[in-house]
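Just dropping this structure here.
Numbers restart at 1 for each chain; the letters A, B, ... are given by sequence-line order, proteins then strands.
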Amino acid sequence: MMVDSDPTALIPEIALLLGAVAGLLLGAWTPRRRQWTIRVLAGLAAAAGLAATAVAATRPPEVVFGTYVLDTATHTTRAIVLVTTLALVALCGDTAAGHRRETEFVVLVQLGALGSMLLGGAADLVLLFAAFLLASVPLYALAGWAKQGTATEAALKYYLAGALAGVTTLAGVTLLFGVAGATGYAGVAEGLTRGPGGAAAVGLVAVLAGLAFKAGAVPAHFWVPDVADGTPPAVAAVITTLPKIGALVATYRLLDTAIPADIVDWPLLVAILAAASMTLANLAAFAQTSVLRLLGYSTVSQVGYLLMAVAVAGRAPLAEPALLFYLAGYAVTNVAAFAVVAATAQRSIDGHRGLARHDPLLATALVVALLGLVGTPPTAVLFGKLVVFTAAVDGGLAWLVVLAVLNTVASLFYYLRVIAAAFTAGDNDHAGAVDHAGSGTRSRPWARWTALGTATLSLLLGVGAGVVLTVVGTPT
Amino acid sequence: MLSLIVFWPALVAVALSVVPARAGTRVFAGAWFATGLVQLGLVAVVWAGLPATGYGSVERLAWIPSAGVSYHLGVDGLSLPLLALTAVLFTATAVYTLRGIARPKGFVLLFLALQAVSAGLFVALDLILFFLFFDLSIVFMYFVIAGWGTGAPARRAALTFFLYTFLGSLALLLGFILLALAGPRFTFDIPALAAQNPLADGGAYAGLTLLVIGIGLAVKTPLFPFHTWLPPAHTEAPAAGSAILAGILLKMGTYGFVRIAMPLLPASWRQFALMAVVLGVVSVLWGALVALAQTDLKRMIAYTSVNHMGYVLLGLGAAGLVAGSGEQARTLATAGATYQMVSHGLITAALFLLAGSLHERGHTYDMTAYGGLATRIPRFAGLFAVAAFASLGLPGFSGFIAEFQIFAGALGAVPVATVIAVTGVLITAALLLLAMGRMLPGEVRVPDAPGTPRPFPDLGARELLAIAPLLMLATVLGLLPRALLDVIEPAARSVNDLVAR
């Protein structure tokens with residue numbers, strides 16, 4: 001537990017932090033029309049972080065500062081978070097450019113990304129909580145960024161739910177510390193075997209509640225649809241993508257290394273959470289008329305599939321690569337879906353009528369993104385589902401896979417509603433929302449190109465699944 | 001070589017996607033036709049090089065090694081006829097489409113994509129690769145039905161089709177995962193799994209796996225009681241879509257039984273073969289009886305598909321009843337089932353294209369609205385009569401060879417079921433003769449728009465060129481069956497050996 005580790009091991013994190021701080025300072029002294037420089041700076045920071053991650057990934061796994069693990073999971077988390085950050089910074093181009101608070105948008109995204117990254121690598125309960133706060137607080141502010149009525153409501157809901165989740169997490173951390181007498185995961189795992197099991201279970205449930213809030217899983221998912229629908233699509237894309245990455249890897253690491261399954265039966269607990277997330281979110285998504293609300297519920301159901309991999313942590317060799325690969329696929333595909341909506345600037349499903357006629361490329365991106373979320377070939381999520389299902393069957397959760405299959409079919413129904421709308425001509429083809437959706441997309445080039453780029457990436461990730469899975473599946 | 005066959009239509013589609021949509025039907029459908037001819041040529045080359053046993057033209061690349069998935073292609077006597085059928089039917093459909101279609105660019109691009117995935121499915125030797133093509137065929141067909149069908153009912157039918165068959169495909173995925181996890185080595189490779197035979201002992205796990213895979217394939221085939229998506233999808237789809245749906249996509253289900261369910265789960269197949277026989281016979285009778293009650297021509301043809309696919313299952317089930325029949329009989333049954341797939345593909349596609357032509361002229365599928373077509377449009381009447389006789393299994397056509405072999409092979413093992421199934425042939429004969437009797441002879445009666453009689457021309461050159469070759473092939477296969485049977489039989493024998501071990 002010596003604090004004499006090499007700080008260069010944390011270059012990706014430091015790059016994000018420096019980018020954020022420098023961006024904030026620079027933004028304060030830059031006129032509004034030149035604030036795009038802050039976005040460029042953020043992009044450079046993320047690119048530098050990616051390069052550093054690639055170099056760091058070649059080294060053997062180690063623990064730095066006694067609390068932070070550098071292994072395949074952390075490196076992959078870093079890479080996913082940084083690529084997502086790049087996409088998100090590009091996506092916000094139309095929403096934020098020339099806006100009074102452009103700098104704030106970019107800086108808040110970077111700080112949220114940093115928090116998510118730290119969550120992924122944390123191997124200590126205290127660091128876990130600190131990362132939880134770092135991943136939460138900037139995003140509360142971001143939810144309220146637009147300062148419109150619905151955004152304020154969304155921000156407040158998000159903040160209140162987050163405050164509750166934060167307190168719960170802290171209580172859980174305290175309990176676990178009290179039982180185990182240590183905060184490092186290795187120490188916790190050892191200490192729990194001696195302490196009272198009941199208290200450990202309560203503490204774990206409390207910590208999981210906080211992480212479920214970050215991931216947007218049932219039962220802490222109530223804020224998701226409101227935030228997705230209340231904020232601009234670019235903001236919604238950030239909040240439904242970034243924190244999930246860190247939270248799910250953090251959950252995996254905590255359960256896999258710190259909590260022995262014979263003390264608390266967490267596999268069953270997580271499996272139930274997964275089942276509830278996918279089922280409830282799918283049922284809720286059926287009736288939606290707002291695309292953003294629908295996508296919000298879809299992100300909750302996706303967390304359900306992701307939690308399947310967490311539920312078999314340590315019991316199936318494919319569980320960790322499955323989780324990481326699915327996360328990567330989910331992140332790019334989800335950003336693509338939100339980016340399409342950002343490009344059309346239509347919140348309702350009907351507003352997307354006629355999209356295929358006016359902007360066939362964007363309509364194709366929409367099909368790739370939504371069918372990608374369902375998991376049709378050859379997108380990344382399909383292979384994510386394939387490995388997650390395989391891991392779950394291997395880990396003895398075949399019933400959960402059956403449920404996930406049924407849910408996937410059910411989810412197809414509401415995704416198809418959006419796709420069918422995009423391929424239907426508008427009722428009055430000469431005026432109204434139809435032409436708006438079509439012709440407007442080219443006036444939002446950043447969102448449009450982000451949508452096309454991430455949709456392509458989701459396809460490439462699917463075709464190149466072999467390479468990626470080999471990388472994330474080999475322990476460094 | 002097989003990769004080229006599979007991806008050639010996709011490459012053409014990519015190239016065509018940059019051609020502006022106003023180039024018109026002639027350019028797009030013409031390019032599609034040329035693509036089909038080239039694919040046919042390539043298939044002929046593969047056919048010439050087919051080895052006597054085992055897989056030919058094998059290609060294998062590691063794709064996702066950590067998940068046991070490889071890019072593995074190959075053909076044998078079971079898949080090659082279906083691959084050839086794919087090339088033939090898509091080429092015929094291209095000719096048919098040359099006559100004109102709304103929004104030709106999207107239509108042709110979708111069909112080229114379908115052509116690629118259909119060819120891919122029949123040559124895939126990896127379960128996940130098979131699943132990919134299976135799933136993609138659903139996606140593309142959904143867009144064909146929803147986009148080129150008739151309005152709101154078409155979208156509903158497309159949605160039903162998508163949801164239903166997607167459930168089937170995910171069931172299939174679940175079954176594949178169970179299968180891959182059963183063995184000592186985690187792999188999705190079909191020949192490797194057949195060699196390992198991880199579920200040789202049967203049991204509950206193997207039975208469950210067969211159940212899940214069976215449901216997935218039964219939905220696609222479709223077998224009673226999973227057939228309810230089929231009639232609306234066929235009724236609403238454009239003629240070319242129906243032809244491909246019935247001619248190719250349904251075969252993916254039955255092909256899955258021969259390629260996957262039988263050789264990879266031999267013990268369970270033997271155990272539950274009687275189930276397949278029963279489901280097959282029920283489909284035969286149900287399809288025939290419901291078809292008998294239809295007045296809608298397209299729905300009637302759709303239900304005869306359920307009936308004809310039932311014979312395939314009867315044959316495959318009988319081949320699993322090892323104890324009850326000799327090797328000779330089982331080979332007859334399996335080869336007959338494969339022959340039936342090819343034969344049904346040709347004949348049904350022809351029938352659906354004819355139905356499409358009739359609808360174009362009369363704007364209705366209602367058979368009672370037509371009469372005396374033999375005098376009014378004799379070329380149509382002639383082709384329809386030939387197709388109908390071929391479909392009811394008249395000697396001299398491919399359907400007779402197929403059904404005769406199935407019955408001959410199944411009679412020893414399941415005499416009662418076979419006798420019942422034969423009555424299905426009688427009902428089909430009755431309903432097709434009834435349909436012909438309604439529409440072809442007698443006084444000329446065609447649906448007219450109020451006041452102004454519609455022009456009601458006979459089949460054009462392009463329609464003839466699309467439909468006649470299919471029926472000619474069905475006749476050739478009926479007269480010279482050995483040409484195809486010599487290819488099918490060795491492969492059928494090796495599948496039966498795998499089932500019997």
Side-chain angles (χ1 to χ4, degrees), chain A residues 316-318 321-322 325 356-357 360-361 363-364 367-368 371 374-379 382-396 398 401-402 404-413 415-417 419-421 423-424 462-474, chain B residues 17 21 61-71 103 105-106 117 120 127-129 131-140 142-143 146-147 151-152 155-156 158-160 162-182 186 188 205 208-209 212 216:
Chain A
L318 265 178
F325 185 78
R357 261 191 45 181
L361 264 184
T364 312
V367 172
V368 170
L371 287 186
V374 179
T376 54
T379 57
L382 166 78
F383 294 99
K385 278 197 172 153
L386 170 67
V387 279
V388 166
F389 288 2
T390 307
V393 174
D394 201 15
V401 178
V402 173
V405 163
L406 294 177
N407 265 302
T408 305
V409 177
S411 72
L412 179 66
F413 179 74
Y415 289 122
L416 275 185
R417 281 176 59 210
I419 294 176
F423 282 85
T424 320
V463 177
V467 183
V468 182
L469 266 173
T470 312
V471 171
V472 302
T474 43
Chain B
S17 67
L61 289 170
W63 185 16
I64 314 179
S66 51
V69 180
S70 62
Y71 176 82
R103 286 167 288 137
K105 182 176 174 182
V117 298
L127 291 175
I128 294 304
L129 207 56
F131 167 79
L132 287 188
F133 290 127
F134 195 89
D135 222 22
L136 275 177
S137 74
I138 301 171
V139 175
F140 293 132
Y142 166 78
F143 282 107
R155 278 200 294 281
R156 207 163 37 244
L159 184 67
T160 316
F162 201 156
L163 288 177
Y164 223 133
T165 49
F166 194 66
L167 178 69
S169 89
L170 284 178
L172 213 50
L173 180 65
L174 183 59
F176 290 171
I177 292 176
L178 287 172
L179 203 50
L181 283 171
F186 179 64
F188 286 103
Y205 184 94
L208 194 72
T209 310
V212 180

Inset, instruction - Please name all residues satisfying ring-ring contact (aromatic ring centres under 6.0 Å, His included) with A:Y415, sequence neighbours left out, ordered by chain then number. - result: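 Here no residue qualifies.
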Legend entry - Toward chain B, the part of A:F423 with a non-hydrogen atom under 4.5 Å: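 Side chain of A:F423 only, per the 4.5 Å heavy-atom cut-off to chain B.
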Legend entry - Residue B:V69 versus chain A: region with a heavy atom under 4.5 Å: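 Contact with chain A: side chain only.
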Legend entry - Proximity breakdown for A:V468 and chain B, heavy-atom pairs closer than 4.5 Å: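 No part of A:V468 comes within 4.5 Å of chain B.
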Inset, instruction - Against chain B, label A:V393 side chain, backbone, both or neither, depending on which of its atoms sit under 4.5 Å from a heavy atom there. - result: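 Backbone plus side chain of A:V393, per the 4.5 Å heavy-atom cut-off to chain B.
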Inset, instruction - Sequence neighbours left out, what passes side-chain hydrogen bond (donor to acceptor under 3.5 Å, both in side chains) with A:T390? Give chain and number order. - result: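 A:T390 satisfies side-chain hydrogen bond (donor to acceptor under 3.5 Å, both in side chains) with no residue once adjacent residues are dropped.
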Legend entry - Side chain / backbone / both / neither for B:L174 at chain A, heavy atoms under 4.5 Å: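 For B:L174, the side chain is the part near chain A, not the backbone.
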Legend entry - Student check: side-chain heavy atoms of A:V401 and B:I177 closer than 4.5 Å: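 A side-chain contact is absent here, since even the closest heavy-atom pair is not under 4.5 Å.
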Legend entry - Part of B:F188 lying under 4.5 Å from any heavy atom of chain A: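 B:F188 touches chain A through side-chain heavy atoms alone.
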Inset, instruction - Heavy atoms only: give me the nearest B:W63-A:G462 pair and the separation to one decimal. - result: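 Heavy-atom minimum between the residues: CZ2-O, 4.3 Å.
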Inset, instruction - Identify which part of B:F186 has an atom lying under 4.5 Å from any heavy atom of chain A, answering side chain, backbone, both or neither. - result: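 When you check distances to chain A, only side chain atoms of B:F186 fall under 4.5 Å.
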Inset, instruction - Tell me, for A:L371 versus chain B, whether the close heavy atoms (under 4.5 Å) come from the side chain, the backbone, both or neither. - result: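 Looking at A:L371, just its side chain touches chain B.
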Legend entry - Contact origin within B:I138 toward chain A - heavy atom pairs under 4.5 Å: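 Contact with chain A: none, neither part.
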Inset, instruction - Indicate the atoms forming the closest heavy-atom contact of B:A171 with A:V405, along with that distance. - result: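 In this case the closest contact between B:A171 and A:V405 is N-CG1, 4.4 Å.
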Inset, instruction - Would you indicate whether the side-chain heavy atoms of B:F176 and A:L386 approach each other to under 4.5 Å? - result: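 Sidechains of B:F176 and A:L386: no contact.
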Legend entry - Minimum heavy-atom distance B:S66-A:L318, with the two atoms named: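 Smallest heavy-atom distance, with atoms named: O-CD2, 4.0 Å.
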Legend entry - Gap between atom CG of B:L132 and atom CG of A:L382 - 0.5 Å precision: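 Answer rounded to 0.5 Å: 6.0 Å.
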Inset, instruction - Could you check if a side-chain atom of B:L167 sits within less than 4.5 angstrom of a side-chain atom of A:L406, using non-hydrogen atoms only? - result: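 They are in side-chain contact.
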Inset, instruction - Would you check if B:L159 and A:F413 make a side-chain contact, meaning some heavy-atom pair closer than 4.5 Å? - result: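 With C-beta onward as the side chain, the pair touches.
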Legend entry - Value rounded to 0.5 Å, distance of CG in A:L416 from CZ in B:F162: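 Here the rounded value is 5.0 Å.
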Legend entry - Flag side-chain contact, heavy atom, 4.5 Å: B:L173 against A:K385: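 Counting from C-beta outward, B:L173 and A:K385 never come under 4.5 Å.
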Inset, instruction - Give the minimum heavy-atom separation between B:A67 and A:V387, together with the two atoms involved. - result: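 For B:A67 and A:V387, the tightest heavy-atom pair comes out as CB-CG1, 3.9 Å.
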